[in-house]
Structure formats: structure tokens, C-alpha cells
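Note that this is a predicted model, so its numbers are computed, not measured.
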Amino acid sequence: MASSSSSSLSRVVVKSSDNNLFVVNKKVASQSQLLKQCIDNMEEKGTNDVILIPLSNVTSNILTLVLEYCEKHADFADDDNNNQELKQWDHEFLKKFDYATLNSLTMAADYMVTKSLLNLCCQFIADSIKDLTVQQIRQIFDIKNDFTPQEEADIKNENAWAFR
Amino acid sequence: MEKGVVNQIQEEVDESKKSSSSFLVYHRRINPKTFQNLPEELVIEILKRLPVTSLLRFMCVCKSWYSLITNPSFISVHLSIQSNKISSNCSSTLYSFGFEFFLHDVDEPLNDWTKIDSLVGHKQRLIVGNFDGVLCLFDHCDRGVGPLILWNPSIRKAFTLPLPIPAFRAKKFTFADVDPRQNVIFGFGFDFISKDYKVVRVFYEWDVKRQITCFHADVCSLSKDNWRFVGFSAEGGKFAIEQRGVCVNGVIHWLCKLIVANIVVYKTVLTFNLVSEDFGQIVLPNPLSSAALFSIKLGEDNKLAVSCTGDGSNIWVMEEYGVVKSWRKLLDFHLGDNVGMLLGATVRRDGKIVVTTSVGNSISWDPRNHKLKNVALPALEPDYVDNFVRSLVLLRFENRALHCKKLPLRRTRIRD
């Protein structure tokens with residue numbers, strides 16, 4: 001039995017909000033501070049059993065993506081910041097998704113405390129919306145304009161050059 | 001064995017699925033082209049990574065975005081993200097050529113320049129300093145006695161500080177023989193304790209009788225909007241400040257030479273601490289050959305650096321602020337003749353260090369293979385080089401500079 005030789009766990013089981021199970025290697029799971037914390041807690045208790053971590057806020061679609069990211073980054077754990085290949089992969093990874101998926105992915109990264117994924121998503125979203133018009137922003141963020149026409153015009157006038 | 005346990009858990013889960021339909025909740029229709037229900041803290045995470053122009057535009061999306069973007073704590077968190085280069089295309093180098101200012105973005109081709117239009121109506125503005133994307137300027141013509149202007153070119157806001165009460169009018173001192181315009185110097189920086197930008201104006205004079213140099217400083221903070229007076233005297237010789245002030249770690253530094261009997265004895269750094277509002281001195285690693293002080297960004301911190309010329313050119317960095325023993329030689333190379341002095345250096349994202357000289361060339365140095373390469377500058381001789389970050393600082397202030405017309409940043413390409 002693998003687990004009898006040491007007190008540390010090699011795998012955990014993560015449960016998505018729609019009740020699907022994912023068996024995750026410990027090194028991969030450690031990319032998420034939330035999962036890492038759970039593992040550390042269990043190890044402190046000296047448990048040898050496989051542990052089940054339920055994530056009530058993450059659907060299996062999104063969890064698959066987060067785990068795909070974690071798996072890739074676990075391979076590069078030592079030189080996370082400056083690896084060009086990894087940066088390229090990150091970009092290709094996010095490029096595929098629509099806004100709704102990015103939205104859920106960002107929220108999942110936040111919930112699972114996967115800081116690098118959260119930073120990556122936020123920067124990616126920022127880069128993709130930076131040239132949009134105010135109207136487009138209201139549409140994609142589903143925001144209702146609560147300024148009076150006069151108020152809006154005043155703010156616009158103050159920085160008219162930014163609207164070219 | 002693990003496999004067995006997993007199967008067992010899966011069975012239990014399947015069982016529970018049958019009894020509950022809660023998982024179906026997630027299949028409701030969501031428009032894939034929108035961000036819906038993104039919590040505010042995540043919206044902030046996204047906004048603080050946006051460039052300044054986008055934020056100025058997005059201020060009129062709705063009231064909550066407006067108050068978010070104009071919030072001082074958002075402005076400072078945006079600044080720290082931008083200056084730490086977490087996001088792309090934000091960190092630049094500022095060059096001043098007389099009355100003209102140019103920006104060069106880090107990682108852009110080295111001949112791609114943006115000219116910052118100077119404030120219309122003020123013909124001859126010289127730079128006092130640059131901090132957090134705000135330039136402090138004074139009019140060349142009214143040296144020392146005219147008003148100072150704080151100007152953030154990224155948001156095109158300018159702010160005129162009230163006229164200082166000239167120090168020589170303060171009761172304690174008489175300046176019978178001194179022409180104040182001869183010995184006046186400014187400094188501009190940030191007091192990180194009171195979170196306030198401060199400007200200091202220093203008159204200094206040589207007291208023959210007592211054989212000391214007297215410094216008379218007026219300090220003005222942006223939020224308090226009034227001037228206070230600080231005095232200081234230094235022994236050892238006649239001080240002469242050589243260069244505009246450099247702000248690092250909440251302290252303004254001026255390179256000075258000390259003159260005894262008309263001979264330069266050595267050079268030193270006069271400091272003015274913006275937090276405690278008092279003067280001091282810092283010993284240089286090479287008191288005679290020091291040519292220029294500047295700040296350099298190494299890692300996340302700005303450090304005090306000094307360039308030296310003499311036997312070759314080199315740059316020293318004060319690793320630990322205030323600790324004289326921590327001066328470390330960062331660069332050491334021979335540039336040949338007629339290179340002038342090294343004005344400043346910036347570290348690019350690829351690790352290369354770009355050094356700018358006073359005769360208008362720029363040398364890029366790769367620390368990994370010690371290779372030097374000449375790069376083009378606008379064909380002028382710069383008198384000032386510093387890091388520049390595009391920020392929202394001053395966004396909350398009213399435009400108070402006279403005749404300040406808003407003009408776009410012009411992108412110029414110089415030399416191919």
C-alpha cells in the first residue's frame with residue numbers, strides 16, 4: 001500500500017459543485033492555496049486516507065480548466081515567472097474562452113486562491129477590454145448607466161481627449 | 001487502494017445526485033459575451049491593470065465605477081501595479097532636453113518616442129523632479145521666486161502650488177548680500193508616512209564669519225497647500241549644489257561639492273527627509289569622481305545610485321538605504337572619450353541596463369554577457385533621465401495652472 005510508507009498524501013479527490021470527482025496529484029493541487037491548506041491540515045492530523053475536498057462554488061467545466069492550468073504550472077513550479085514557453089501557453093490557454101467562461105474562471109481562481117491564475121485572468125480581461133468604448137463596457141459588464149445625460153457629458157468633457 | 005476509495009466516493013455521490021437536482025441550477029442560460037455578477041473586488045482587480053486612458057474613459061460607465069476609479073486608495077494601488085510592471089506597456093523612461101520632454105516606453109523599439117507637450121502659455125519650464133508620474137516644473141525665467149507647477153501628463157492635469165514666502169524674508173535670517181537667485185534649488189518627492197507629495201525650495205549661503213553654509217528651506221505639501229520653514233547649517237566648507245534633487249525612500253538628495261579656499265575638496269550628498277522634514281548628509285563611495293545622482297529600479301525598489309567618471313565609468317548603488325557600507329558597484333566599463341557623464345540608468349524587463357549620457361547617446365549593457373550596445377536617442381543632449389510611470393495621481397485635483405490647454409500626447413519616431 002502506497003500510503004503506509006509515509007504520512008504524506010500523494011493524491012486528493014476534489015468534488016465539483018455538480019458532484020463530479022477529480023483525482024488530483026498533490027503537486028498539482030498545491031497550486032491552489034485552498035487545496036494546499038486542506039492537504040496541510042490533513043497531514044498535520046496524520047491521516048493516511050484519501051481526502052475529499054468539496055468545492056461548492058466551482059462547476060466541473062470550470063474545475064477542469066483550473067486543474068489544467070495547475071497541472072501545467074506544477075511542471076514549471078521552479079521558474080514560474082520568467083518562462084517564455086509558459087507565458088505563451090498561458091496566453092493560448094485563455095484565448096479560447098468567451099467572457100462568461102473567463103468570468104467563472106476568474107471567480108474560481110479567486111475562490112481556490114490560485115493567485116497566479118487570478119492575476120493572469122485579470123490581466124487578460126484588462127488587455128481585452130482596454131480599447132472598448134463606454135457603451136461596450138456597459139454591455140459586457142451588464143451595467144446600467146445611472147448618470148444623468150448632463151453628468152455624463154461633464155465627466156466626458158473633462159477628459160475629452162481620452163475618448164478619441 | 002486509492003482507486004477503490006475513489007470509486008466508493010463516486011458511488012455515494014451518484015446516489016446523492018439521484019436524490020437531489022441541485023446540480024441542474026448551473027444550466028441556466030448565460031450570455032457568453034458578458035461578465036455577469038462579477039464581485040466588486042474582482043472588478044477592481046481588473047480595473048487596476050488598465051492603462052490610464054482607458055480608466056479616464058471608463059469613469060463615465062456608471063456612478064460606482066466613477067467613485068471607484070477616483071478613489072485615492074484605488075489610485076495608489078493602480079500606481080503600484082503599474083510601477084511594478086506586472087501589467088504590460090506602462091513603465092517608461094522620461095528624458096528632458098531643455099524645455100522639451102520625451103517619454104520612451106520600456107520594451108518599445110529604442111527609437112520610438114512620445115513627446116509630451118509642455119503646458120501652453122509657459123514657455124520655459126524646467127524640471128525639478130518626477131515622482132509617481134507627476135512632474136514638478138518651474139519657470140526658467142523666474143528662478144526661485146515664481147510658482148511651481150505639478151503636472152501629470154498622463155491625465156493632463158496641472159496644479160499650481162501657492163507662491164512660497166521667500167526664505168530670506170523669514171525673521172531669523174538676513175540676506176543682505178545674497179542674490180537669492182544664485183543659490184536656489186528645488187526638490188520634489190513623496191512623504192510615504194503622511195501619503196503626501198511635497199515640494200521643497202532651498203536657498204543657501206556661505207557664512208564667512210562662522211565658516212558654515214546655511215540652508216533655508218521652505219516646504220510645501222500638496223494636500224496642506226501651505227509653506228513651512230526649516231533651517232540647517234553645515235560645516236566643512238562652502239557647499240555648492242550641482243544637480244537637481246533625486247527622491248528615493250522619502251528623502252530628496254542633492255549632489256554637492258564642498259569648496260575650501262576655491263578648491264573642490266570633495267563631493268557629498270545633501271539630503272532632505274520629507275517625512276521628518278530635516279536635513280542630513282550621505283557619504284559617497286567615491287567622494288571625488290562622482291558625476292551624477294539618480295534613482296534606479298532594481299527588483300521592486302528604487303535605489304539611490306551615483307555615476308562616476310575617471311578611470312573608466314561606473315555606477316554605484318546603495319543597496320540598503322542609509323547604510324554607507326552597502327554602496328555596491330553595479331556597472332564598470334570603458335566607454336571611450338567624449339561620452340560626457342552618465343546621467344541615469346534604467347533596467348529593462350529583459351534585464352538589460354540602459355545608461356544615458358549627457359552627450360546624447362544611450363548605451364545598453366547586458367549583465368549576462370557584459371555586452372555593450374549603442375542605441376539612438378533623439379539627436380539632442382538630455383539633461384535629465386528618470387523612470388516614469390503613467391498614473392492617475394492628481395486626478396482629484398482641479399486644474400489650476402493658468403492657460404493650461406489639454407493637448408494629446410504626440411507619438412514621434414526619431415531616426416530609423
Side-chain angles (χ1 to χ4, degrees), chain A residues 1-3 10-11 13 15-21 23 49-50 52 59-61 97-104 106-107 110 118-119 121-123 125-127 129-135 137-147 151-156 158-164, chain B residues 1-7 9-10 13-14 16-17 20 22-27 30-39 41-66 86-89 155-157 351 395 399 406-409:
Chain A
M1 265 184 265
S3 52
S10 62
R11 276 145 201 256
V13 180
K15 189 173 81 169
S16 67
S17 64
D18 46 351
N19 291 328
N20 282 320
L21 295 184
V23 182
D49 300 338
V50 176
L52 175 75
T59 62
S60 43
N61 289 348
F97 308 133
D98 57 28
Y99 287 154
T101 312
L102 277 175
N103 188 349
S104 313
T106 310
M107 285 167 76
D110 184 43
L118 179 64
N119 287 343
C121 288
C122 291
Q123 185 63 58
I125 297 172
D127 288 343
I129 65 169
K130 69 177 197 278
D131 295 322
L132 298 185
T133 65
V134 172
Q135 198 51 45
I137 291 289
R138 283 184 193 134
Q139 254 168 32
I140 66 165
F141 281 88
D142 196 22
I143 293 172
K144 200 171 166 290
N145 177 14
D146 51 3
F147 285 116
E151 283 171 333
E152 192 181 340
D154 288 346
I155 300 168
K156 252 184 195 165
E158 205 175 318
N159 296 299
W161 55 274
F163 288 83
R164 280 176 304 123
Chain B
M1 175 216 162
E2 280 175 9
K3 189 89 184 153
V5 176
V6 172
N7 284 341
I9 300 173
Q10 183 70 61
V13 169
D14 288 344
S16 73
K17 265 187 188 175
S20 104
S22 64
F23 70 100
L24 284 174
V25 170
Y26 268 85
H27 294 285
I30 297 171
N31 182 348
K33 286 186 180 152
T34 60
F35 297 100
Q36 274 169 342
N37 311 319
L38 208 56
E41 70 260 26
L42 293 182
V43 171
I44 296 173
E45 284 297 318
I46 295 166
L47 293 187
K48 72 191 190 191
R49 290 172 168 79
L50 283 169
V52 169
T53 22
S54 307
L55 289 171
L56 291 178
R57 232 173 31 241
F58 298 166
M59 266 160 56
C60 64
V61 165
C62 64
K63 282 180 180 166
S64 78
W65 278 36
Y66 179 86
I86 294 168
S87 66
S88 53
N89 63 45
I155 59 169
R156 289 168 217 189
K157 272 248 160 104
L395 185 61
N399 255 318
K406 289 171 176 178
L407 291 170
L409 288 171

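- Between chain B and the residues A:D146, A:I129, A:V134, the most heavy-atom pairs under 4.5 angstrom are made by A:D146.
- Put simply, the side chain of B:C60 reaches to within 4.5 Å of the side chain of A:F163, judged on heavy atoms.
- When the candidates B:E45, B:R57, B:E41, B:M59 are compared by the number of heavy-atom contacts under 4.5 Å with chain A, B:R57 comes out ahead.
- Electrostatic pairing of A:E158 and B:R156 does not count as a salt bridge here, judged by no charged N lying under 4.0 Å from a carboxylate O.
- For A:R138 (side chain) and B:V61 (main-chain N/O), a donor-acceptor pair under 3.5 Å exists by modelled atom type.
- Side chain to side chain, A:T59 and A:N61 fail the donor-acceptor criterion of an N or O pair below 3.5 Å.
- Side chains of A:N119 and B:R49: a donor on one and an acceptor on the other come within 3.5 Å.
- Within the 4.5 angstrom heavy-atom criterion, only backbone atoms of A:Q139 (N, CA, C, O) approach chain B.
- In this structure, chain B has no heavy atom under 4.5 Å from any part of A:T101.
- Listed options B:L55, B:T53, B:L38 were ranked by heavy-atom pairs under 4.5 angstrom with chain A; first place goes to B:L38.
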